[in-house]
Peer 1: 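Below is one structure. I have some questions about it.
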Amino acid sequence: MKKVIYIYEINGEYKIGKADQREGQSNHISPLEIAAVRIAEQLTAATRGKLIIHAALDISHYDGNSTEVESEIHHRLEMMTEEGISRISREIYYKDEMIKHGSTEWFIIPMDPSEVVELVDSMIRDITRKSGKATYKARAYQAYIKALVLDQVEELIKNKKQRVIAAELAPRFGKTLWSLDLFKALCEEFGYQYLILPAYVLTAHSSFLTDFNGFSDFNEMVFVDDKDPNFKQKIQDNVDKQMIITTSLHTSDKSKYDVIKSLDSSKKVAIVDEADFGAHTTTSKEVINHLECDLKLLITGSAIERAISGYEVNEVIQWSYTDMLLLQDGTHPILDNFKKVA
């Protein structure tokens, strides 16, 4: 039976609870789907505000009851009053008389979501001896395209050329998680340290945060959201770590990103998702150039010509929907290459 610890947020308050796989649910059901069923049951007409699921941590490896893990996490959080964490109690009054009182599974935690997820997962690792996050395993074609990008980076560095790479990747390629995995490889192989995520379509940042929170591969990295009120300070405090930093291409005041500009340019990578939508304009390019990144990767699912206009790009890496179909049918001509990469 699959067991999950979930974390969601409404109006800045965090709910940490547990959910178990139920009778009749498929064995292929994901931790997120298990959590979503339980969370949906908790919602009532009185629920208001934006609900954000930050994590569904898999504790199926734990031999005991999921309630044991949940209770221990709640207990540990209650003990962290010096860190500003407090458990929210429920009090019901009739006029001036309290008629009911009790604890809830809700907490006030003065941290950003990625820090909350890491805190809870660190407790899971201590209690169960294993992380609740998933481990990323690239599909063969994802590993193949990553290898092509890394080869091209090596070639550009060797020939001292402008480091701009374009990739036109099919829908359902898995670009977000693939990009995080690529950044990890760029850090290991070429000494990069900072991933900058300029975006015109800002919902892309949510996708990156979800995958960052959901996989243990990125536990040593720090995620910094440009909407964080402590944005500048957080970057300065973590300058010696691998960082993922979101930026908006809608900004009219580039000085906000001077803190990014001040980071070592040779260690900065910019990955621009949906590069053909808004990110190709003169105004957007001014923001991207202001960040002074050594390597730029322009990713799109279509209109690659628009995405690369104004850039010196020697080659476009492509993986089309036709490639996906040929692979599915087992007739793609580079299947032999996949066997070598895998």
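Side-chain atoms are counted along with the backbone in the values below, which use heavy atoms only and exclude waters and symmetry mates. Sequential numbering from 1 along the given sequence is applied to the chain's residues.
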Peer 1: Just checking Tyr200 against His250, ring centres under 6.0 Å apart?
Peer 2: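 Tyr200 vs His250: aromatic centres under 6.0 Å.
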Peer 1: Quick one: does any side-chain atom of Lys2 pair with a main-chain N or O of Ile29 as donor and acceptor, under 3.5 Å?
Peer 2: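 Judged by distance alone, yes, a pair lies under 3.5 Å.
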Peer 1: Just checking Lys232: does its NZ atom have more than 12 heavy atoms from other residues, nucleotides or ligands closer to it than 6.0 angstrom?
Peer 2: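 Count not over threshold, so no.
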Peer 1: Test Glu68 against Lys18 for salt bridge (Lys or Arg N to Asp or Glu O under 4.0 Å), laying out the working first.
Peer 2: CA-CA 10 Å; Glu68 298 169 1; Lys18 62 94 177 175; over 6 Å; no
Peer 1: Does a sphere of radius 6.0 Å around CD in Glu154 hold more than 12 heavy atoms from other residues, nucleotides or ligands, not counting ones at 6.0 Å or beyond?
Peer 2: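 No - once you tally the heavy atoms of other residues, nucleotides and ligands closer than 6.0 Å, there are 12 at most.
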Peer 1: Within a reach of under 6.0 Å around CZ of Arg306, are more than 12 heavy atoms found that belong to other residues, nucleotides or ligands?
Peer 2: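 Yes, because the 6.0 Å sphere around CZ of Arg306 holds more than 12 heavy atoms from other groups.
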Peer 1: Would you say Tyr6 and Lys15 are linked by a side-chain donor-acceptor pair, where the criterion is simply a distance under 3.5 Å?
Peer 2: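 There is such a pair between these side chains.
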Peer 1: Over 60° means perpendicular and under 30° means parallel, so classify the ring planes of Trp106 and Tyr8, tilted if in between.
Peer 2: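 Geometry flag for Trp106 against Tyr8: perpendicular rings.
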Peer 1: I need the Leu197 CG to Thr246 OG1 distance, nearest 0.5 Å.
Peer 2: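 Those atoms lie 7.0 Å apart.
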Peer 1: Thinking salt bridges, do Lys158 and Glu155 make one under a 4.0 Å N-O criterion?
Peer 2: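 No salt bridge links Lys158 with Glu155.
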Peer 1: In sequence, state the C-alpha distance, the side-chain angles, and the governing distance for Glu115 and Glu118, and then conclude on side-chain contact (heavy atoms from CB on, under 4.5 Å).
Peer 2: CA-CA 5 Å; Glu115 291 173 324; Glu118 176 53 29; 5.7 Å; no
Peer 1: Can you name the side chain to side chain donor-acceptor pair (under 3.5 Å) partners of Ser114, sequence neighbours left out?
Peer 2: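 Testing Ser114 for side chain to side chain donor-acceptor pair (under 3.5 Å), a comparison that skips the adjacent residues, returns Asp112.
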Peer 1: Keeping to residues at least two apart or across chains, list the side-chain hydrogen bond (donor to acceptor under 3.5 Å, both in side chains) pairs with something in residues 254-266.
Peer 2: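 Those involving residues 254-266 are Asp226-Tyr257, Asp253-Ser255, Asp258-His290, Asp264-Ser266.
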Peer 1: Pair Glu41, Arg22 - check salt bridge (Lys or Arg N to Asp or Glu O under 4.0 Å), show working.
Peer 2: CA-CA 14 Å; Glu41 292 175 343; Arg22 301 181 181 184; 2.5 Å; yes
Peer 1: Would Ser66 and Asp20 count as a side-chain hydrogen bond (donor to acceptor under 3.5 Å, both in side chains) if you check the C-alpha gap in whole Å, the side-chain angles of each, and the deciding distance to 0.1 Å?
Peer 2: CA-CA 8 Å; Ser66 59; Asp20 297 332; 2.8 Å; yes
Peer 1: Quick check: do Ile39 and Leu51 have side-chain heavy atoms less than 4.5 Å from each other?
Peer 2: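 Touching, per the 4.5 Å side-chain cut-off.
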Peer 1: Which atom pairs, one a donor and one an acceptor, fall under 3.5 Å between side chains of residues 183-192 and the rest of the protein, sequence neighbours left out?
Peer 2:
residue	atom	partner	partner atom	Å
Lys184	NZ	Asp217	O	3.3
Tyr192	OH	Asp294	OD2	2.6

